[in-house]
Amino acid sequence: MENLTTIEGQMVLDQAASVAIICARFNSFIVDHLEAGCVDTLQRAATVKPKLTIVRAPGAFELPLVAHKLASSGKYDAVIALGAVIRGSTAHFEHVAGSCTRGLADAGNTTGVPVVFGVLTTDTIEQAVERAGTKAGNKGAEAAATAIEMISLLRQL
């Protein structure tokens with residue numbers, strides 16, 4: 001396999017990077033923990049201190065529009081969207097979770113800037129708590145790790 005080239009991102013920010021973190025205010029008792037894990041991971045993985053911008057949006061449904069605006073600005077190497085959509089007894093969950101997912105994917109695909117999905121979509125509050133820093137780790141920290149790897153990868157392409 002002499003003609004094989006492999007390109008992959010690294011888990012260290014060794015150059016200056018600017019990252020926007022959008023946090024939904026709805027379910028902030030969960031999102032605040034995702035934000036803390038995200039910021040901590042970004043700061044620990046950097047050999048050069050990253051420029052972080054926190055943006056607050058009303059809820060998960062609004063995250064895609066804000067993500068698209070930030071990614072289109074040319075100011076950020078990555079955008080991380082953090083939120084928590086917890087199933088209730090109506091179809092509202094499906095509409096919000098689906099629109100948020102599609103919108104965030106579209107924001108990244110149309111701008112060419114990594115838009116990282118750090119939105120919990122859970123059946124119960126307990127599941128959200130588990131994913132915000134207890135039993136199942138911190139999905140905000142995982143979103144930060146994804147952003148770091150994507151920044152590194154795209155810089156090589």
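Keep in mind that this is a model prediction, so the values were computed, not measured.
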Quick check: are there more than 12 heavy atoms from other residues, nucleotides or ligands sitting under 6.0 Å from [atom1] of [X]?
| X | atom1 | answer |
| --- | --- | --- |
| Glu8 | CD | no |
| Ile125 | CD1 | no |
| Phe26 | CZ | no |

Examine [X] and [Y] and state if one hydrophobic cluster contains both, with Ile, Leu, Val, Met, Phe, Trp and Tyr joined whenever side-chain heavy atoms are less than 4.5 Å apart.
| X | Y | value |
| --- | --- | --- |
| Val66 | Ile54 | no |
| Val19 | Tyr76 | no |
| Leu63 | Leu70 | yes |

Would you list the atom pairs, donor with acceptor, under 3.5 Å between side chains in residues 30-50 and any protein atom, with sequence neighbours excluded?
{"from": "Glu35", "atom 1": "OE1", "to": "Arg56", "atom 2": "NH1", "distance (Å)": "2.7"}
{"from": "Glu35", "atom 1": "OE1", "to": "Arg56", "atom 2": "NH2", "distance (Å)": "3.4"}
{"from": "Glu35", "atom 1": "OE2", "to": "Arg56", "atom 2": "NH2", "distance (Å)": "3.4"}
{"from": "Asp40", "atom 1": "OD1", "to": "Arg44", "atom 2": "NE", "distance (Å)": "2.8"}
{"from": "Asp40", "atom 1": "OD2", "to": "Arg44", "atom 2": "NE", "distance (Å)": "2.9"}
{"from": "Thr41", "atom 1": "OG1", "to": "Gly37", "atom 2": "O", "distance (Å)": "2.9"}
{"from": "Thr47", "atom 1": "OG1", "to": "Leu13", "atom 2": "O", "distance (Å)": "3.2"}

How long is the span from the [atom1] atom in [X] to the [atom2] atom in [Y], to the nearest 0.5 Å?
| X | Y | atom1 | atom2 | value |
| --- | --- | --- | --- | --- |
| Gln10 | Glu149 | CD | CD | 8.0 Å |
| Gln127 | Ile86 | CD | CD1 | 9.5 Å |
| Arg131 | Thr121 | CZ | OG1 | 8.5 Å |

Enumerate donor-acceptor pairs with a distance under 3.5 Å from any side-chain N or O in residues 78-85 to protein atoms, sequence neighbours excluded.
none

I need the minimum non-hydrogen distance between Ala16 and Asp77, along with the two atoms involved.
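Nearest heavy atoms, Ala16 then Asp77: O-OD2, 4.2 Å.
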For Ala60 against Ala24, the heavy-atom pair lying closest together:
N-CB, 3.8 Å
Report yes if the side chains of Arg87 and Glu94 come closer than 4.5 Å at any heavy-atom pair, otherwise no.
yes
Report yes if the side chains of Met150 and Leu153 come closer than 4.5 Å at any heavy-atom pair, otherwise no.
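Contact flag for Met150/Leu153 side chains = yes.
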Side-chain polar contacts of residues 99-120 - donor-acceptor pairs under 3.5 angstrom, sequence neighbours left out - could you list them?
{"from": "Ser99", "atom 1": "OG", "to": "His95", "atom 2": "O", "distance (Å)": "3.0"}
{"from": "Thr101", "atom 1": "OG1", "to": "Ala97", "atom 2": "O", "distance (Å)": "2.8"}
{"from": "Arg102", "atom 1": "NH1", "to": "Gly98", "atom 2": "O", "distance (Å)": "3.3"}
{"from": "Asn109", "atom 1": "ND2", "to": "Ala105", "atom 2": "O", "distance (Å)": "3.2"}
{"from": "Thr110", "atom 1": "OG1", "to": "His68", "atom 2": "NE2", "distance (Å)": "3.2"}
{"from": "Thr110", "atom 1": "OG1", "to": "Asp106", "atom 2": "O", "distance (Å)": "2.9"}
{"from": "Thr111", "atom 1": "OG1", "to": "Ala107", "atom 2": "O", "distance (Å)": "2.7"}
{"from": "Thr111", "atom 1": "OG1", "to": "Val113", "atom 2": "N", "distance (Å)": "3.2"}

